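Structure record follows, encoded as structure tokens.
Keep in mind that the numbers below use all heavy atoms, side chains included, and drop hydrogens, waters and symmetry copies. Keep in mind that what you see is a predicted model, and the values were worked out from it rather than measured. Here is the naming used below: chain letters follow the sequence lines, and residue numbers restart at 1 for every chain.
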Protein chains: 2
Amino acid sequence: MNANQRFAISVHALTLLASSSDPLTSEMIASSVDTNPVVIRRTMASLREHGLVESKSGAKGGWRLLREPKEIGLCEVYRSLDEVNVLAVHSHPNKHCPIGGNISGVLRSVFEDAQSEMEKALGNYTVADILNDVRRKANQ
Amino acid sequence: MNANQRFAISVHALTLLASSSDPLTSEMIASSVDTNPVVIRRTMASLREHGLVESKSGAKGGWRLLREPKEIGLCEVYRSLDEVNVLAVHSHPNKHCPIGGNISGVLRSVFEDAQSEMEKALGNYTVADILNDVRRKANQ
DNA sequence: GTATTCGTAACTATAATGGTTACAATTATG
DNA sequence: CATAATTGTAACCATTATAGTTACGAATAC
């Protein structure tokens with residue numbers, strides 16, 4: 001269904017930042033993610049708007065976390081991206097049909113419930129958890 | 001993120017079928033959904049492959065449920081569509097970076113967990129529930 | 001035999017996404 | 001102050017997913 005990589009890129013970037021004491025440039029993050037620095041800036045811009053990271057222009061600039069990795073839950077990261085809903089209601093059901101005319105609201109409410117459970121599950125993980133798991137894998 | 005309407009269309013179609021004693025043609029379902037009959041056939045084909053509905057060609061043909069509406073959970077409907085995962089892992093992280101080289105598996109496992117919670121939430125609703133809710137809305 | 005209906009391939013239009021280039025603005029540093 | 005490094009952002013392109021559409025063969029009821 002969805003092939004949007006922004007969330008994965010965001011978690012990857014945050015994990016990198018959590019693993020580093022110094023700020024990292026878009027270039028460095030892009031190299032680890034394997035994409036273009038502009039893609040990183042675009043993605044990180046959303047995280048910055050939500051107060052998760054800070055960026056600095058110019059020489060010795062780059063990105064750094066504004067919070068402890070263990071205080072950044074993945075649910076918040078996900079929500080920072082302002083993605084559209086994972087389950088989409090169809091657009092123009094027939095208003096003159098008893099089902100078509102009334103199903104949109106019902107679906108919306110069910111889909112919201114499902115998505116909210118998904119986000120709750122994401123909230124069980126923090127950036128610190130991801131970094132720990134990654135390091136554990138690295139040591140195998 | 002995802003703007004795929006197949007799941008919404010499927011639930012809509014199944015609800016319609018649940019509301020009708022006779023089989024419904026792709027044409028009739030398409031009219032309620034407001035789309036083309038071919039889109040309905042394509043979507044319903046997945047549900048048929050998973051034993052949720054049956055289709056019959058020819059005059060007086062059409063679609064009908066193979067199970068009681070209260071025995072069709074939305075999780076099963078969702079899974080019948082073989083959609084890709086709602087949260088996508090990014091494609092080629094840098095294998096030579098300690099983070100990039102190990103994060104894919106970690107993300108996959110977290111994303112699977114989140115999606116599984118979403119599907120579990122969908123499973124709390126059946127087609128009969130949706131039909132009831134739609135009818136309740138219609139009577140307001 | 002005819003009308004109805006599904007099955008499916010083929011094609012098109014639209015939109016989302018990511019990648020890329022380019023350049024202005026900002027900043028550290030010598 | 002000059003230079004190099006870095007972000008911000010607009011603009012554009014290529015790819016892909018999606019839905020819509022047409023067309024036609026196969027199946028079926030009557």
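- Nucleotides of DNA chain C nearest to Val38(A) and Glu27(B) differ in position, and the one nearer the 5' end is that of Glu27(B).
- The phosphate of dA28(C) (OP1 or OP2) has a side-chain N or O of Lys56(A) nearer than 4.0 angstrom.
- Rounded to a whole Å, the CD atom of Glu83(B) is 11 Å from the C1' atom of dT18(D).
- At dT6(D), none of the side-chain N or O atoms of Ser55(A) fall inside 4.0 Å of OP1 or OP2 (strictly under the cut-off).
- Projected onto DNA chain D by closest heavy-atom contact, Ala59(B) and Pro37(B) fall at different nucleotides, the more 5' of which corresponds to Pro37(B).
- Of the side-chain N and O atoms in Asn4(B), one or more sit less than 4.0 angstrom from OP1 or OP2 of dA19(D).
- What separates CZ of Arg48(B) from C1' of dT5(C) is a distance of 13 Å, to the nearest Å.
- The nearest whole Å value for the distance from the CG atom in Asp82(A) to the C1' atom in dA16(C) is 16 Å.
- Between Ser26(B) and Ser91(B), the residue anchored nearer the 5' end of DNA chain C, judged by the nucleotide with its closest heavy atom, is Ser26(B).
- Of the options Thr15(B), Leu47(B), Val77(B), Val53(B), a side chain to side chain contact (heavy atoms under 4.5 Å, CB included) to Ile72(B) is made by Val77(B) and by none of the others.
- Computed from coordinates, the Ile40(A) CD1 to dT6(D) P distance equals 15 Å when rounded to whole Å.
- Computed from coordinates, the Asp22(A) CG to dA5(D) C1' distance equals 16 Å when rounded to whole Å.
- Counting non-hydrogen atoms of other residues, nucleotides and ligands closer than 6.0 Å to CD of Glu27(B) gives a total of 12 or fewer.
- Between His50(B) and Asp82(B), the closest heavy-atom pair is CE1-OD2, 3.9 Å.
- Inspection of the Asp113(B) and Tyr125(A) side chains reveals an N or O donor paired with an N or O acceptor under 3.5 Å.
- Put simply, CD1 on Ile29(B) is 12 Å from P on dT5(C), counting in whole angstrom units.
- Between Arg41(A) and dT7(D) there is a side-chain N or O to OP1 or OP2 distance below 4.0 Å.
- Arg6(A) comes within 4.0 angstrom of sugar-phosphate atoms only, judged by non-hydrogen atoms across all strands, and of no base.
- As rounded to whole Å, 18 Å separates atom P of dA10(C) from atom CG of Asn36(B).
- Among the protein residues, Gly61(B) comes within range of the sugar-phosphate backbone only, with heavy atoms under 4.0 Å from sugar or phosphate atoms but none that close to a base.
- Atom NE2 of His90(A) and atom P of dT18(D) are 17 Å apart (whole Å).
- For Arg42(A) and dG19(C), a side-chain-to-base donor-acceptor distance below 3.5 Å is present, hydrogens and geometry of angles not being considered.
- Comparing dG7(C), dC30(D), dT7(D) by their closest approach to the side chain of Thr25(A) singles out dT7(D).
- Evaluated for a side chain to side chain contact (heavy atoms under 4.5 Å, CB included) with Met44(A), the options Leu17(A), Ile9(A), Leu52(A) yield exactly one hit, Leu17(A).
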